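Below, chain A is the first sequence line, B the second, and so on; all start at residue 1. This is a predicted model, so every value here is computed, not measured.
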Protein chains: 2
Amino acid sequence: MASPKREKLLEVARRLFETEGFHATGIDRVLAEAGVAKMTLYNNFGSKDGLIVAVLEQSSQDMIDRLEQTIQAASNDPYEQILGVFDAFAMWFSNPEFCGCMFQAAVAEFQDPNSKPAIAARGHQIRVAAMFENLCTKAELPDPKTLSRMLGMLASGASCTARQIQTREPADHARQIAEILLERAGSTGFAPAETEIANGSV
Amino acid sequence: MASPKREKLLEVARRLFETEGFHATGIDRVLAEAGVAKMTLYNNFGSKDGLIVAVLEQSSQDMIDRLEQTIQAASNDPYEQILGVFDAFAMWFSNPEFCGCMFQAAVAEFQDPNSKPAIAARGHQIRVAAMFENLCTKAELPDPKTLSRMLGMLASGASCTARQIQTREPADHARQIAEILLERAGSTGFAPAETEIANGSV
DNA sequence: GAATAAACAGAACGATCCGTCTATTGTATC
DNA sequence: GATACAATAGACGGATCGTTCTGTTTATTC
């Protein structure tokens, strides 16, 4: 299961897919840099798409594990943990090797929503959203569903913007906004504003 | 300059690039659907990258023109116009043919930041950011630079999320958040929260 | 109507894509 | 040491990529 050649393939493929894109990275390139036979790839993953899915799933697991580890190390308070997610993002963006969220790239490159890479990429976003919702619920914030969706959108916007301007600033801004949202949710909630929209102000 | 064949190429290429991606769309496919000779493409655009850049630039111009037109038709108040951007986004996302922001896709597909498509895509984001900053300044809001960056991040997050869940919800949520930000900027400004971050609360 | 230049359609090109096949190596078992 | 088996390397195949080249048609000017 955990063959060393398989791990090497995943590691190299992940790096190349991240830095150069999924379509732009040819299989031969991955094999050459990993020093692995072509048949090893096809025996382990079945196809290039299979390799891509495996990379996405492994990356998702890694990222979520590290995220939960980081925010749990930072605080026991779920309120603080929500903000901790954006601190973790800030650290992520600060890495000079940061080149954008791999899952956003996957969604962009595999436009067919039924393709396996697209499904795998959406799976990650669902897990992140579930994490936010779980934290909002634990923090006993009102309307955790809406709030967690807003937080997820903030996170997406931050990593999307960070890819372009290559600074941690978007994470800091997202954290500021999250702070305002949490504060506001704790006191008044979102009901008034939501009603205003629902009335259709267009 | 405005040859009909050239226009047809731009129209077809734009649609295919939007719905299937830049790398996934072959030149032959564009030519076949446009009913245009191959040399016409190379005479007009020089290369596939040239065509991509032309599509991005035309789309950017179109999108910004329509955006400004929409918000100016909605209100004269710059404060309301800022919120109008998100209403326009909501309408955009509501279109069943909506398949994500083309410029985000371009940034994802052309990872080399020096490639011409990547530069063209960044150009769009810069123009949108400038529009937000201009509106914030006209609304006489404090710290228009920070605020406009936050709004730009919200817009990115909204279109990024909308691509995945295929509803207008992200635009409505972004509008709600923008409303809160504007309200808050008008009264207290962001200085307190910003200081708190700057002190390093990790 | 003839001559010139541009625009046309489509074949042909080399490169690269993903995936398969074959021949060879190394390893474990008897 | 011989044999069975799995994993290897790398050639190979068909397809498609972006681009160039070759004739032919069309339009314009004298």
### Message
Out of the candidates A/Arg127, A/Lys145, A/Lys138, only one should pair with A/Glu133 under the salt bridge (Lys or Arg N to Asp or Glu O under 4.0 Å) rule; please name it.
### Response
A/Lys145
### Query
Separation of A/Phe45 atom CZ from C/dG19 atom P, in whole Å?
13 Å
### Query
Between C/dC18 atom P and A/Leu31 atom CG, what is the distance in whole Å?
10 Å
### Task
Give the first and the last nucleotide of DNA chain D, reading 5' to 3', that has any atom under 4.0 Å from a heavy atom of chain B.
D/dC17 to D/dC21
### Query
Once you round to the nearest 0.5 Å, how far does CD1 of B/Ile71 lie from CD of B/Glu80?
11.5 Å
### Task
For A/Lys48 and A/Phe22, indicate whether the former's side chain and the latter's backbone hold a donor-acceptor pair under 3.5 Å.
yes
### Task
Calculate, to the nearest 0.5 Å, the distance between atoms OG1 and CG belonging to B/Thr70 and B/Asp65 respectively.
10.5 Å
### Message
Taking CD in B/Gln61 as the centre, count heavy atoms belonging to other residues, nucleotides or ligands within less than 6.0 Å. Is the count above 12?
### Response
no
Collect all protein-nucleotide pairs involving nucleotides 9-15 of chain C in which both atoms are nitrogen or oxygen and the distance is under 3.5 Å.
unit_1: C/dA9; atom_1: OP2; unit_2: B/Ala37; atom_2: N; d: 2.6

### Query
Counting distance only, does the side-chain N/O of B/Ser159 pair as donor-acceptor with the main-chain N or O of B/Ser156 below 3.5 Å?
yes
### Message
Any salt bridge linking B/Asp172 with B/Arg168? Criterion: basic side-chain nitrogen under 4.0 Å from a carboxylate oxygen.
### Response
yes
### Task
Decide, yes or no, whether a salt bridge links A/Glu11 with A/Arg15 under the criterion of side-chain N to carboxylate O below 4.0 Å.
no
#### Entry: Nearest-Å distance for atom pair CD/P, residues A/Glu109 and C/dC17
14 Å
### Message
Rounding to an integer number of Å, can you tell me how far A/Asn44 CG sits from C/dG19 P?
### Response
15 Å
